[in-house]
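These notes concern the structure reproduced below.
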Amino acid sequence: MDQVISHQFVSAEQQKETTRLGMWTFLASEVLFFGALFTGYTVYRIEFHDGFAEASGHLYRWIGIGNTAVLLVSSLTMALAVHAAVAGRRSLTAGLLGMTALLGAVFLAVKGVEYRLDYHDAIVPVLRFDAAKFEHPGQAAMHLVFYFIMTGLHAVHLLAAVAVAGVCAVRTGAGSLGLGEGTRLEALGLYWHFVDVVWVFLLPLLYFIK
Amino acid sequence: MTRRTLIVNVLCAAALLVLLGAAVAAWKLDLGRAGLAVGLAIAAAKAVLIGAVFMELRTSRPLTTVFALAGLFWLAIMMTLTLADFLTR
C-alpha cells in the first residue's frame with residue numbers, strides 16, 4: 001500500500017478516520033447551505049402552492065427522472081471505485097472513476113439541454129418569461145427562480161466533483177496517485193454521494209407538484 | 001473488493017432505481033396532497049440507502065453517523081424555527 005501518512009497523524013487508520021469525520025463536517029455545512037434554499041422554498045411553496053404547481057407542470061419531468069437514474073448509477077460506480085482502491089486494484093479504480101466522471105458529465109450535459117429547452121419555452125424568470133402561460137405568473141416565477149438557483153447551485157457542485165473525479169481517474173491510471181487506504185477517494189466519494197442526495201430531494205420537490 | 005461488497009453495492013443501486021420507479025408511479029397515481037409526503041418519504045429512503053451503503057455509514061464507527069446526523073439536526077432547527085414563524089402569522 002503506497003499511502004502517504006501526513007506528519008500530524010500517528011497511523012493510516014487515524015488519518016482515514018480524521019478525513020472521514022472532517023468530510024462529514026464539511027458536508028454538514030453543505031447541508032445547511034442547500035438547506036437555506038430548501039427552507040425558503042418550503043415557505044414559498046406553502047404560500048404560493050397553485051403557482052408552484054403550475055410552474056412544476058412546465059418542467060421536463062422525464063429529463064429530471066432520467067438524470068436522477070444517471071446520478072444514482074454514478075454513485076454506484078463511485079462507491080465501487082473506492083472499494084477497488086482499498087483493494088489496491090489500480091486500473092479498475094481508474095476505470096470506475098472515469099465512468100463516474102463521465103456519468104456526472106452526462107448529467108450536466110443533459111441539464112444544459114434542459115435549461116435550453118426551458119429558455120425556449122420562455123419560463124426563465126427575468127431572462128425570458130412569458131407570464132401569459134400562467135394563471136399565477138408571479139407565484140410561478142417564484143418556483144422557477146428556486147428551480148434555476150437550486151439546480152444551478154447543484155450543477156456547480158457536480159461540476160467540481162466531476163473535475164476532481166476526472167483528474168483522479170487520469171492520475172490513478174497514470175500511476176501518479178497513491179491508492180493507499182483509499183482515504184482520498186473516500187473523501188471524494190462522500191462528496192459525490194452528498195451531491196446525489198441533494199438531487200434526490202430536488203427531484204420530487206421541484207418536478208412533482210400537483 | 002470482495003464479491004460480497006460488489007453484490008451489496010449493486011443491490012443498493014438496484015433498490016435506489018426501484019425507489020425512483022416508485023416515485024414516478026406515485027406521481028402517476030395522483031395522490032393529491034398525500035403525494036408530497038409519499039415523494040419525500042421515498043426521497044428519504046433513498047438518502048438512507050445512499051448514506052448507509054455508499055457512504056459506508058453502515059460499516060463506520062457510530063461517531064461518524066452522529067456527525068452525519070448533526071447536519072440534519074441543524075437543518076431541522078432552521079426549518080422548524082422558520083416555519084414556526086411563517087405558519088403562525
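Keep in mind that what you see is a predicted model, and the values were worked out from it rather than measured. Just so we're on the same page: letters track the sequence lines, and every chain starts at 1.
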For this session: Give the C-alpha distance, both sets of side-chain angles, the deciding distance and a yes or no for side-chain contact (heavy atoms from CB on, under 4.5 Å) between B:Leu36 and B:Leu31.
Result: CA-CA 9 Å; B:Leu36 174 64; B:Leu31 303 164; over 6 Å; no
Problem set entry | B:Asp85, part contacting chain A, at a heavy-atom distance under 4.5 Å | neither
For this session: Check each atom of B:Leu49 against the heavy atoms of chain A and say whether the ones under 4.5 Å are side chain, backbone, both or neither.
Result: neither
For this session: Quickly, which of A:Val167, A:Val82, A:Thr100, A:Leu97 forms a side-chain contact (heavy atoms from CB on, under 4.5 Å) with A:Leu188? Name it, please.
Result: A:Leu97
Problem set entry | Heavy-atom donor-acceptor pair, A:Lys210 side chain to B:Ala34 backbone, under 3.5 Å | no
Problem set entry | Positions in residues 31-49 of chain A that reach chain B, provided some heavy atom is under 4.5 Å away | A:Val31, A:Leu32, A:Gly35, A:Ala36, A:Phe38, A:Thr39, A:Thr42, A:Val43, A:Arg45, A:Ile46, A:His49
Exercise. Which heavy-atom pair separates B:Ala26 from B:Val38 by the least distance, and what is that distance?
Worked result: CB-CG1, 3.8 Å
Seminar exercise, completed: If you tally heavy-atom pairs under 4.5 Å between each of B:Phe67, B:Trp27, B:Phe73 and chain A, the highest tally belongs to B:Trp27
Seminar exercise, completed: Per-residue tally against chain A (heavy atom, under 4.5 Å) across B:Leu69, B:Ile42, B:Thr64 peaks at B:Thr64
Exercise. For B:Ala13, is it the side chain, the backbone, both, or neither that has a heavy atom closer than 4.5 Å to a heavy atom of chain A?
Worked result: side chain
Problem set entry | Side-chain touch A:Leu80/B:Met1, heavy atoms, less than 4.5 angstrom | yes
Exercise. Which atoms of B:Leu6 come close to chain A, meaning under 4.5 Å heavy atom to heavy atom: side chain ones, backbone ones, both, or neither?
Worked result: both
Exercise. Under the side-chain hydrogen bond (donor to acceptor under 3.5 Å, both in side chains) criterion, do A:Ser74 and A:Thr77 qualify, and how do the steps go?
Worked result: CA-CA 5 Å; A:Ser74 78; A:Thr77 55; 5.5 Å; no
Problem set entry | Test ring-ring contact (aromatic ring centres under 6.0 Å, His included) applied to A:Tyr191 - qualifying residues, sequence neighbours left out | none
Problem set entry | Residues that A:His193 engages under ring-ring contact (aromatic ring centres under 6.0 Å, His included), provided they are two or more places apart | B:Phe54
Problem set entry | Considering all heavy atoms, the nearest A:Val70-A:Leu103 contact | CG1-O, 3.3 Å
Exercise. Could A:Lys111 and A:Glu114 be called an ion pair, given the rule that one side-chain N must be under 4.0 Å from one carboxylate O?
Worked result: yes
Seminar exercise, completed: The interface call for B:Ser60 against chain A, heavy-atom contacts under 4.5 Å, is both
For this session: Any chance you could measure B:Met55, atom CE, to A:Met23, atom CE, to the nearest 0.5 Å?
Result: 8.0 Å
For this session: Could you check which of A:Arg89, A:Met78, A:Glu30, A:Arg61 has the highest count of heavy-atom pairs closer than 4.5 Å to chain B?
Result: A:Arg61
For this session: Report the distance from atom OG1 of B:Thr2 to atom CD1 of B:Ile7, rounding to the nearest 0.5 Å.
Result: 8.5 Å
For this session: Locate the shortest heavy-atom distance separating A:Ser56 from A:Phe208; write the atom from each residue and the value.
Result: OG-N, 3.8 Å
Exercise. So, for B:Arg61 and A:Glu17, which heavy atoms are closest and what is the spacing to 0.1 Å?
Worked result: NH1-CG, 3.0 Å
Exercise. When rounded to the nearest 0.5 angstrom, what distance separates NZ in B:Lys46 from CG in A:Asp196?
Worked result: 9.0 Å
Problem set entry | Ring centre gap for A:Trp199 and A:Phe107 strictly below 6.0 Å | yes
For this session: Tell me, out of B:Leu83, B:Asp30, B:Leu72, who's got the most heavy-atom pairs with chain A below 4.5 Å.
Result: B:Asp30
Exercise. Side chain, backbone, both or neither: which part of A:Ile209 has a non-hydrogen atom closer than 4.5 Å to chain B?
Worked result: backbone
For this session: Against chain A, label B:Ile50 side chain, backbone, both or neither, depending on which of its atoms sit under 4.5 Å from a heavy atom there.
Result: side chain
For this session: Give the member of B:Thr5, B:Asn9, B:Leu40, B:Leu16 that has the highest number of heavy-atom pairs under 4.5 Å with chain A.
Result: B:Asn9
Seminar exercise, completed: Within residues 140-161 of chain A, the residues sitting under 4.5 Å from chain B by heavy atom, in sequence order, are none
Exercise. Once you round to the nearest 0.5 Å, how far does CG of B:Leu20 lie from CG of A:Leu203?
Worked result: 6.5 Å
Seminar exercise, completed: Under 4.5 Å to a heavy atom of chain A? For B:Leu63 that would be both
Problem set entry | Contact leader toward chain B among A:Leu27, A:Leu72, A:Val197, A:Thr68, where contacts are heavy-atom pairs under 4.5 Å | A:Leu72
Seminar exercise, completed: Turns out that what part of B:Thr82 lies under 4.5 Å from chain A's heavy atoms comes down to side chain
